[in-house]
Number of protein chains: 2
Amino acid sequence: MTAASELTDHTGYWMRMVSNAVSQEFARKVSGEDVTVAEWSFMRALYEVEPTPPSVLAERMGMTKGAISKLAERLVAKGLVERTENQRDKRAHSLSLTKEGRAKIPVLASLADKNDAEFFGVLTKEEHKTLDRILRLLAERRELKSTPVD
Amino acid sequence: MTAASELTDHTGYWMRMVSNAVSQEFARKVSGEDVTVAEWSFMRALYEVEPTPPSVLAERMGMTKGAISKLAERLVAKGLVERTENQRDKRAHSLSLTKEGRAKIPVLASLADKNDAEFFGVLTKEEHKTLDRILRLLAERRELKSTPVD
DNA sequence: ATGTGTAAGTTTCCTAGTCAACAAGGAGGG
DNA sequence: CCCTCCTTGTTGACTAGGAAACTTACACAT
């Protein structure tokens, strides 16, 4: 086997390539709703458990506090998310979806469905299930061992 | 089933999360070699077929011409890549690895091996193989139907 | 009460990539 | 020739996120 052919054997390389393609296409789809992929991801994370402090969100999304801070700022400006003061601790606050934000969820989710179908529809049901299972397993692992440096 | 639980069912969502984690960790690893993930990806693409015009590279990597242009610029500045004029067409040129660039490949590849092992080592051999196969399949599909907008 | 250390968020600086506008060269028809 | 249209690659404006410095607030021991 030549060195050149070994080079194609990195799972991370293909993962990055496919993930970029999926996200790019999704970005195009949601841009009509005036929302970015990261914003959708943020809103969705919020939708599951709410209200949530930024720090928790950062860990769940695998992003830094700084990124979350800016993302939250944008979403508040768009009126999709709101902050609630924390009485006990004046440093902290919590984030929740506004009514408008909440209303957008199903729309965005259906775009996500469509995007998923377009990309992963070529897989057999079995393959798709396996892929899903593996990705979640890996995501869990990440959460366990590698909190972002920040 | 509630709407909330359906929300976790997007493959793209998990893919993005895992891919980011993998790339981030890899970025940390290669930063010692004064190279970024995109730069590695670029060099690797070049390594396979060389010399190559930027436009072809852009398509292969799923990036825009603009991104490739800047990436190439950085790599030329670092002395890892070089341009060759095209005699037939004065607009065009080709890119190849320099001796130094070529020499870095095995080092970077071994870091990539290590990163892959860390992340995907938790999978069974069977799972890992399946994941690989699926990702390549999806990457191929992308190339067939979705050249970047640009 | 107060000083020291720690935690929550924000801000600044830097890198990276998209998109759109652009310059420059080529191809083909009249 | 030369005019128009297409192609190649670069640039600038903008968005996004990471790292690290910073601000403010808390906790707890003295």
Side-chain angles (χ1 to χ4, degrees), chain A residues 16-17 19-21 23-31 34-42 51-78 81 83-95 146-150, chain B residues 16-17 19-31 34-42 51-59 61-78 81 83-95 146-150:
Chain A
R16 180 163 169 274
M17 185 164 250
S19 171
N20 281 351
S23 289
Q24 245 170 265
E25 178 54 34
F26 186 56
R28 219 167 291 140
K29 286 197 176 63
V30 293
S31 69
D34 195 32
V35 159
T36 68
V37 177
E39 285 166 7
W40 153 244
S41 177
F42 187 104
T52 311
S55 50
V56 173
L57 224 41
E59 195 177 341
R60 282 236 297 276
M61 297 178 61
M63 293 174 67
T64 61
K65 308 177 290 175
I68 295 295
S69 181
K70 294 167 201 168
L71 206 37
E73 170 55 31
R74 270 180 267 153
L75 283 165
V76 169
K78 288 187 184 177
V81 162
R83 283 183 237 258
T84 330
E85 301 285 310
N86 184 327
Q87 300 303 357
R88 308 252 170 139
D89 187 339
K90 283 179 194 161
R91 291 169 302 179
H93 64 254
S94 287
L95 298 162
S146 88
T147 330
V149 186
D150 193 9
Chain B
R16 181 164 169 274
M17 184 164 252
S19 171
N20 281 351
V22 175
S23 288
Q24 245 170 264
E25 177 55 33
F26 186 56
R28 222 166 290 140
K29 284 197 176 63
V30 294
S31 70
D34 195 30
V35 159
T36 69
V37 177
E39 286 166 6
W40 154 244
S41 177
F42 187 104
T52 312
S55 50
V56 173
L57 225 39
E59 196 178 339
M61 297 178 61
M63 293 173 67
T64 61
K65 305 177 291 172
I68 295 295
S69 182
K70 291 168 196 171
L71 205 37
E73 170 56 30
R74 270 180 269 152
L75 283 164
V76 169
K78 287 187 185 176
V81 162
R83 282 183 237 258
T84 329
E85 301 285 310
N86 184 327
Q87 300 303 356
R88 306 250 170 142
D89 186 339
K90 282 181 195 162
R91 293 168 301 179
H93 64 254
S94 288
L95 298 162
S146 87
T147 330
V149 187
D150 192 10

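Keep in mind it's a predicted model, so treat the numbers as computed, not measured. The sequence lines fix the lettering, A, B, ..., with proteins before strands; numbering per chain opens at 1.
Rounded to a whole Å, the CZ atom of B:Arg88 is 14 Å from the C1' atom of C:dG26. Protein atom CD of A:Gln87 is 11 Å distant from nucleotide atom P of D:dC26, rounded to whole Å. What separates CD of A:Glu73 from C1' of C:dA8 is a distance of 16 Å, to the nearest Å. In this structure, A:Lys90 atom NZ and C:dA7 atom C1' are separated by 17 Å, rounded to whole Å. The distance from atom CD1 of A:Ile68 to atom C1' of D:dA20 is 17 Å, rounded to the nearest whole Å. Between the CG atom of B:Asn86 and the P atom of C:dA24 there is a distance of 19 Å, rounded to whole Å. A straight line from CD of B:Glu25 to P of D:dA19 spans 11 Å, rounded to a whole angstrom. Per the geometry, CG belonging to A:Leu57 stands 14 Å off P belonging to C:dA8, to the nearest Å.
Using modelled atom types, one side-chain atom of A:Ser23 and one backbone atom of A:Ser19 make a donor-acceptor pair closer than 3.5 Å.
Taking each heavy atom of B:Thr36 and B:Val30 in turn, the nearest pair found is C-CG2, 4.2 Å. When all heavy atoms of B:Ser94 and B:Pro51 are compared, the closest pair comes out as CB-CB, 3.8 Å. Between B:Phe26 and B:Val37, the closest heavy-atom pair is CD2-CG2, 3.8 Å. Taking each heavy atom of B:Leu95 and B:Pro54 in turn, the nearest pair found is CD1-CG, 4.0 Å.
The side chain of A:Arg83 places an N or O atom within less than 4.0 Å of a non-bridging phosphate oxygen (OP1 or OP2) of C:dT10.
Salt bridge B:Lys78/B:Glu39: present, at least one basic N to carboxylate O contact under 4.0 Å. In summary, A:Glu73 and A:Arg83 engage in a salt bridge, as defined by a charged side-chain N under 4.0 Å from a carboxylate O.
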Using a cut-off of under 3.5 Å, enumerate the N/O to N/O pairs linking the protein to nucleotides 13-17 of chain C.
from	atom 1	to	atom 2	distance (Å)
C:dA16	OP2	B:Arg74	NH1	2.8
C:dA16	O5'	B:Arg74	NH1	3.2
C:dG17	OP2	B:Arg74	NH2	3.2

Please write out the pairs of protein N or O atoms and N or O atoms of nucleotides 1-8 of chain D separated by less than 3.5 Å, giving the distance to one decimal.
from	atom 1	to	atom 2	distance (Å)
D:dT7	O2	B:Arg91	NH1	2.3

Task: Full working for side chain to side chain contact (heavy atoms under 4.5 Å, CB included) between B:Met63 and B:Leu71 - done: CA-CA 11 Å; B:Met63 293 173 67; B:Leu71 205 37; 4.1 Å; yes
Task: Step-by-step side chain to side chain contact (heavy atoms under 4.5 Å, CB included) determination, B:Ser41 to A:Arg16 - done: CA-CA 10 Å; B:Ser41 177; A:Arg16 180 163 169 274; 3.6 Å; yes
